[in-house]
Engineer: 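Mind looking over this structure? Questions follow.
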Amino acid sequence: MKAIFKRELRAYFTSPIGYVFIGVFAFIYGFYFNTYVIEGGMGDISNPLGSGLLILVLLTPVLTMRLIAEERGGKTDQLLLTAPVSVWGIVLGKLFAAMCVFLCAMATTLPYLAIVAVHGAPLWGKILGTYLGFFLLGTCFISIGMFFSSVTESQIIALVVSLGVLLMLFLMANLPSVGVGLIDKAISLVSVTERFEDFIIGVLKLESIFYYLSFSALFVFLTVRSVEKRRWS
Amino acid sequence: MIEVKNLTKRFGKKVAVDNLSFNVKSGEILGFLGPNGAGKSTTMNIITGYIGATDGTVTVGGRDILDEPYAVKKSIGYLPEQPPLYLDMTVDEYLGFVYDLKGVKLNKKYHLNEIKNVVGISDVGGRRIGNLSKGYRQRVGLAQALVGGPDVLILDEPTVGLDPNQIIEVRGVIKELAKNHTVILSSHILPEVSAVCDRVLIIDGGKIVAEDSPENLSHRLGGSGSIIAEIEGDSDAVTAAIAAVEGVSGVELADGKYRISAPAELRREISLAVAGAGGTIIEMRADEMSLEEVFIRLTGSGAETAQITDEKGEAESESDIQA
């Protein structure tokens with residue numbers, strides 16, 4: 001797993017993908033920060049990160065599209081699958097590498113924290129909650145994207161499908177109630193971004209943390225199954 | 001060393017490997033020969049654990065690939081048809097990654113340098129694999145298979161797409177490696193198999209159609225034997241003289257060449273008879289079937305129906321067939 005993780009992380013930074021992801025994220029986040037905090041005069045840094053959700057929806061597929069599709073396209077999966085490592089090890093190594101790049105992107109927001117800390121009175125609990133929620137949500141998105149990368153050889157298809165799915169999940173949070181209890185319940189169950197609202201207002205629910213972790217775990221599991229299935233069909 | 005029993009693999013309704021059984025002894029070089037889509041790559045992919053079999057068992061060194069996958073995978077070095085290379089890495093980075101991936105315990109620097117020397121890539125260690133020529137990439141692929149010092153090497157068409165010089169070089173490397181490895185090698189290039197392998201399995205349509213040493217195969221399928229001779233002189237007299245030799249069952253003259261149905265041992269007698277009839281022998285040779293003819297005879301009729309273009313990339317291009 002360690003070898004996979006190292007190679008994957010390296011690959012993000014020898015190709016433009018890691019830089020593009022971090023760069024675009026930092027640029028748009030900076031723009032939000034300027035709008036909300038500098039121009040808007042609000043000392044609350046949770047707002048720009050909260051608005052950053054859409055960036056996350058649009059950018060995560062770029063980060064995950066190549067994870068497994070590229071191995072299959074380039075036939076390098078033959079090396080990984082004939083090496084004495086488990087499929088779990090391969091998939092988790094890749095997940096952690098993508099999470100690392102994601103953390104790097106989040107780290108670009110730290111200077112803004114310093115600005116707010118110097119010039120305002122930040123609510124640290126709220127900020128911590130937002131960052132944790134953002135990270136958990138990002139992990140969720142990454143595992144979803146990784147799953148769609150594992151079902152195709154084409155990175156473009158992986159990109160488009162995971163973008164569509166994430167966008168759908170994102171928009172679901174704003175769906176008006178249908179009125180049928182069961183459907184509403186189902187929608188709220190899969191609307192991943194809805195739970196993020198709790199984190200933004202600084203409410204740490206164990207339930208929400210568990211929700212995100214299990215959601216990610218489910219897609220990691222599905223990715224492993226999808227890789228395994230190809231070997232047996 | 002390697003024992004394959006009743007191996008079957010179906011892709012949907014297509015049977016890629018059909019109840020295949022064979023053994024490979026320790027230290028042996030076994031050649032897989034067969035037309036495109038005969039099931040060579042599929043069989044190799046199953047032995048190495050890349051894909052699962054529909055039915056049947058494979059044991060390597062007495063261990064079943066399903067019961068002890070990690071132990072078996074550690075003992076096998078695999079060079080797939082398309083070398084699994086990360087083009088954005090340098091050769092050294094790549095081999096380092098493979099070393100870590102396989103969890104090798106040997107001294108890293110020494111081990112990798114040794115491998116690079118064996119396959120002849122010491123001078124390109126710092127170059128990006130994407131910038132290397134096909135021959136070098138193939139060698140890096142071979143180096144990858146050697147990392148960790150596996151006992152068994154499985155090489156899928158190791159010389160495909162190389163130029164003639166490179167083919168000879170890579171073949172030399174394989175021969176060298178075969179001294180202390182058990183090797184399974186697939187090819188549709190016949191001289192390669194006869195040059196390198198101890199034993200040949202000819203596979204067609206997922207089944208073994210012949211299995212023997214390269215010499216025996218051409219001998220056995222060569223029939224009762226015939227002699228080809230180019231002779232100057234009066235054709236009627238020469239024909240009559242040859243036909244009179246004891247043991248000759250027939251003489252034909254076609255395109256200026258005599259085709260004599262007789263065992264090769266009669267060449268001396270035939271030569272004397274021809275000289276007696278006033279003829280001069282320009283050329284005379286025993287007409288043993290080449291491995292190529294054996295191959296065509298064994299697989300020719302089934303070759304069309306056996307084309308299985310599965311997703312593992314069995315479809316090699318026509319231009320790769322060189323004999």
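What you see is a predicted model; the values in this text were computed from it and never measured.
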Engineer: At their closest point, which heavy atom of A:R231 faces which heavy atom of B:K9, and how far apart are they?
Structural biologist: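 Heavy atoms only, the tightest pair is O-NZ, 3.9 Å.
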Engineer: Identify which part of B:V72 has an atom lying under 4.5 Å from any heavy atom of chain A, answering side chain, backbone, both or neither.
Structural biologist: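 For B:V72, there is no contact with chain A at all, as no heavy atom is under 4.5 Å.
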Engineer: Is A:E228 close to chain B through its backbone or its side chain, or both, or neither, when contacts mean heavy atoms under 4.5 Å?
Structural biologist: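 Neither part; nothing is under 4.5 Å.
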Engineer: Can you name the nearest heavy-atom pair linking A:Q78 to B:Q82, along with the distance?
Structural biologist: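 Minimum heavy-atom separation between A:Q78 and B:Q82: OE1-O, 4.2 Å.
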Engineer: Without swapping roles, check the side chain of B:K73 against the backbone of A:L81 for a donor-acceptor pair under 3.5 Å.
Structural biologist: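 Yes, B:K73 side chain to A:L81 backbone: donor-acceptor pair under 3.5 Å.
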Engineer: Check each atom of B:P80 against the heavy atoms of chain A and say whether the ones under 4.5 Å are side chain, backbone, both or neither.
Structural biologist: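 Both the backbone and the side chain of B:P80 come within 4.5 Å of chain A.
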Engineer: Contact part of B:Y86 toward chain A, heavy-atom cut-off under 4.5 Å: side chain, backbone, both or neither?
Structural biologist: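 Contact with chain A: backbone and side chain both.
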Engineer: Given heavy-atom pairs under 4.5 angstrom as the criterion, report whether the side chain, backbone, both or neither of B:A71 touches chain A.
Structural biologist: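 Neither; nothing under 4.5 Å.
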Engineer: Using non-hydrogen atoms and a 4.5 Å limit, figure out which bit of A:S86 sits close to chain B: side chain, backbone, both or neither.
Structural biologist: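 It is both, since atoms from each part get that close.
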Engineer: Flag the pair A:T82 / B:I76 as yes when at least one side-chain heavy-atom distance between them is below 4.5 Å, and no otherwise.
Structural biologist: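 Not touching, per the 4.5 Å side-chain cut-off.
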Engineer: Need one label for A:L80: side chain, backbone, both or neither, based on atoms under 4.5 Å from any heavy atom in chain B.
Structural biologist: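 Both parts, backbone and side chain.
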Engineer: What part of B:Y99 gets closer than 4.5 Å to chain A, counting heavy atoms only: side chain, backbone, both or neither?
Structural biologist: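 Contact with chain A is absent: no heavy atom of B:Y99 under 4.5 Å.
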Engineer: What part of A:K2 gets within 4.5 angstrom of chain B, counting heavy atoms only: side chain, backbone, both, or neither?
Structural biologist: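 Contact with chain B is absent: no heavy atom of A:K2 under 4.5 Å.
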Engineer: Counting only heavy atoms closer than 4.5 Å, note whether A:T14 contacts chain B via side chain, backbone, both or neither.
Structural biologist: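 Just the side chain, heavy atoms under 4.5 Å.
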Engineer: Measuring heavy-atom distances to chain A, does B:L101 have an atom under 4.5 Å in its side chain, in its backbone, in both, or in neither?
Structural biologist: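 Contact with chain A is through both the backbone and side chain of B:L101.
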